[in-house]
Amino acid sequence: MPDQSADSGYALLRNPRLNKGSAFSEEERRALDLEGLLPPVPTTLGLQVARIHAELGNLDNDLQKYLLLSDLQARNETLFYAVLMSDPASFMPLVYTPTVGEACQKFDHIFRASRGFYLPITARGRLKELLDNWPMKDVRFIVVTDGERILGLGDLGVGGMGIPIGKLALYTACAGVPPEYCLPITLDVGTNNESLLEDPLYLGLRQHRVRGADYMTFINEFVQAVQVLYPKCCIQWEDFANINAVPILETYRDKVCTYNDDIQGTAAVALAGMYGALRISGQKLTDQRFLFLGGGSAATGIAELISQAMALEGLDIAAARARNTLFDINGLMVRSRTDLADFQKPFALDHAPVSTFVEAVRALRPTGIIGVSTVPKLFNQRVIEAMAEINERPIIFPYSNPTSRSECTAEEAYRWSGGRAIFASGSPFGPVEIAGKILVPGQGNNVYIFPAMGMAVFATEATRVTEEMFIVAAKAVAEQVTDKSLATGLIYPPQSQIFQASLHVAARVAEYIFDHNLARIERPADIAGLIASRVYHPAYAA
């Protein structure tokens, strides 16, 4: 029975962490002053889940389903997670990409109950004071955004809050991280989106984005406040623009427990896809050459992690980086270009300029192409056919999301390659039939990585998140793909098994954490058992 010293009566029904709704027993209703406030016959959590499934089934619009689930999370957290965890594969597209993209775009027009925490730059000097207003005092995970580069949709200001909320919901639904330890945060430094600034319903600061030293001072105050208030907390940076994402990660990665999912999580899931693809092609990682469409932090993050993985297999790091090449709006990244950022320069080639992507494919003869451009349809028929001419099993990874931003569809990649492409994408695509064979496209979704990383950090109370932990995670994802799945072209574990897959990855990463003395707790005899013991199960307290 819930603690009577906590909320009771009418207030209890509005406390999402304690509310059971119609599942309060008759005894609880009498003891907690709930009689008359609910329909008279108690129900079970299972029946409540069935009711929500039925409500969702009556809706034909994914945004409406998102809003129904958001309202549920705001009033009954246990039921919300019971619903999500009843079928994670079905609910991931509703609480995260692609539906969350539309929700973020319409955030100011569909805003209901506030969730998470907002820190405006106008509160500089008082961030610790503001953060102390959060009711939970042992926060272990913060997912934070400044809303500047939301998915492939651009600057959405405070509307980006949907991303931290969605990410943390998946921490719990896909890996069992207890929700009470999770805090979504939006840093409001303004927006350069003029349509938002002119919208009377916009909920953020009506000013252009703060840049430079003032911005980094604000970020530093935030990080320091977190360290003081939540010393065991891991900060996950999400959807920051390249100009800020890279320096923030470089500044703090060796000082606090932190990582950037767009850079490192995306890199790990891409590397996991590579390992899966190589099981189909029978080749070695060190023999691959990858050409990236896009030159931002996601592209360089993937390129660097692949390079580090190649180095672990014996290749010189400079030679490894030379096998990972970038192509952006200004063409192939070559050393003669004067517009390259420092984080791009390690991947610049000593090569003549190349202005079109298909020409770059023909010149460099990559074994795989990876799309992180957020520009749709750039893996066109000429590109896919060129890859198929060069490779028996071309690797085609259009990772941009949401779906409207994908560089190509699964059907396009399979048909234009004669069914020979090894395909994975950032957004979901259905099975494709080619010459009587059903091919199942994989979704290179970061959900294979970040919830498991979160559980590993939570269970071990890790002090740092290192680059090698993402290589360990990638290998742990790939080793779970069955030969039966590979035969259909699927190079990731089925999303229907995401929870079990995440616990496996978490155990592998936790083992690395203990091996490298990064844990705050003593090493247990059974690491998988430790992970299992920390898993959140949505059930009402007795």
Side-chain angles (χ1 to χ4, degrees), residues 92-93 96-105 145 148-156 160 162-163 166-167 238-242 245 260-274 277 290-303 305-306 324-330 333 344 357-358 360-361 366 368-381 383-384 387 394-414 416 421-430 441-450 491-492:
M92 281 190 291
Y96 201 60
T97 183
T99 309
V100 73
E102 182 182 1
C104 289
Q105 288 177 304
T145 188
E148 185 165 10
R149 201 223 64 182
I150 298 301
L151 302 174
L153 304 172
D155 186 347
L156 299 183
I163 299 297
K167 285 274 184 179
E238 192 69 34
D239 286 358
F240 286 72
N242 295 335
N260 183 303
D261 186 55
D262 301 304
I263 299 174
Q264 295 163 291
T266 299
V269 80
L271 181 59
M274 302 302 172
F290 298 108
L291 177 60
F292 292 79
L293 183 59
S297 57
T300 56
I302 299 171
L305 195 68
I306 293 173
N324 292 276
T325 310
L326 311 180
F327 187 102
D328 68 0
I329 192 171
N330 294 318
M333 289 197 178
Q344 296 167 327
F357 193 71
V358 70
V361 168
I369 53 175
I370 302 169
V372 280
S373 67
T374 73
V375 181
K377 303 302 182 183
L378 292 183
F379 287 177
N380 56 36
Q381 187 169 354
V383 168
I384 303 298
M387 285 295 295
I395 297 171
I396 311 293
F397 287 178
Y399 275 146
S400 292
N401 57 44
T403 309
S404 61
R405 303 289 175 140
S406 185
E407 286 80 6
C408 70
T409 68
E411 182 166 1
E412 289 167 343
Y414 288 134
W416 293 336
I422 302 174
F423 179 91
S425 56
S427 293
F429 290 104
Q443 185 186 358
N445 192 320
N446 293 20
V447 76
Y448 287 109
I449 301 296
F450 68 82
I491 57 175
Y492 291 101

Just to verify, what does Tyr96 make a ring-ring contact (aromatic ring centres under 6.0 Å, His included) with, not counting sequence neighbours? none
Would you call Glu407-Lys377 a salt bridge at under 4.0 Å N-O? no
Euclidean distance, Gln443 CD relative to Ile491 CD1, rounded to 0.5 Å: 12.0 Å
Between Pro366 and Phe290, is any pair of side-chain heavy atoms under 4.5 Å apart? no
What closest approach, in Å, do Tyr399 and Val269 show between heavy atoms, and which atom pair accounts for it? OH-O, 4.0 Å
Going by the angle between their ring planes, with limits at 30° and 60°, are Phe379 and Phe357 parallel, tilted or perpendicular? parallel
Looking at Glu412, is its backbone amide N or carbonyl O close enough to the side chain of Thr409 to form a donor-acceptor pair, meaning the two atoms are under 3.5 Å apart? yes
Roughly how far, to the nearest 0.5 Å, is the CD atom of Glu238 from the CG atom of Leu151? 8.0 Å
Do you know the tightest heavy-atom contact between Leu291 and Ala360? CD2-CB, 3.8 Å
Answer yes or no: is there a donor N or O on one side and an acceptor on the other, between the side chain of Asn445 and the main chain of Val447, under 3.5 Å? yes
How would you list, by chain and number, every residue that makes a ring-ring contact (aromatic ring centres under 6.0 Å, His included) with Phe450, sequence neighbours excluded? Tyr171
Side-chain heavy-atom pair Asp262, Phe240 within 4.5 angstrom cut-off: no
Approximate separation, where rounding is to 0.5 Å, of Ile163 CD1 and Thr97 OG1: 7.5 Å
Any idea which heavy atoms bring Pro398 and Ser406 closest together, and the distance? CB-OG, 3.7 Å
Cys104 side, atom SG; Ile150 side, atom CD1 - distance, nearest 0.5 Å: 5.5 Å
Side chain to side chain donor-acceptor pair (under 3.5 Å) with Glu411: which residues, sequence neighbours excluded? Arg415
Among Asp239, Asp155, Thr374, which residue meets the side-chain contact (heavy atoms from CB on, under 4.5 Å) test with Arg149? Asp239
Give a yes or no answer on whether the side chain of Asn446 reaches the backbone of Ile449 with a donor-acceptor pair at less than 3.5 Å. no
Donor-acceptor pair, side chain of Asn242 and main chain of Ser297, under 3.5 angstrom: yes
Can you find a heavy atom in the side chain of Arg405 that is under 4.5 Å from one in the side chain of Leu153? yes
As an exercise, state the distance from CG of Asp261 to OG1 of Thr145, rounded to the nearest 0.5 Å. 11.5 Å
Taking all atoms of both residues into account, what is the closest heavy-atom pair of Pro376 and Ser404, and its distance? CB-O, 3.3 Å
Run the ring-ring contact (aromatic ring centres under 6.0 Å, His included) test against Tyr492 and tell me which residues pass, sequence neighbours left out. Tyr448
Heavy-atom closest pair (Ser427 atom, Asn401 atom, distance to 0.1 Å) is OG-CB, 3.1 Å
Check whether Gln344 reaches the backbone of Gly295 with its side chain - one donor and one acceptor, N or O, closer than 3.5 Å. yes
Just jot down the side chain to side chain donor-acceptor pair (under 3.5 Å) partners of Ser425, sequence neighbours excluded, or say none. none
Using ring-ring contact (aromatic ring centres under 6.0 Å, His included), reason through Tyr414 and Phe423 one step at a time and then give a plain yes or no. CA-CA 8 Å; Tyr414 288 134; Phe423 179 91; 5.7 Å; yes
Rounded to the nearest 0.5 angstrom, the CE-CD1 distance for Met387 and Ile396 is 4.5 Å
With sequence neighbours excluded, residues passing side chain to side chain donor-acceptor pair (under 3.5 Å) with Thr300: none
What are the two closest non-hydrogen atoms of Ala421 and Ala413, and how far apart are they? CB-O, 3.8 Å
Are the side chains of Phe292 and Ile302 in contact, using a 4.5 Å heavy-atom criterion? yes
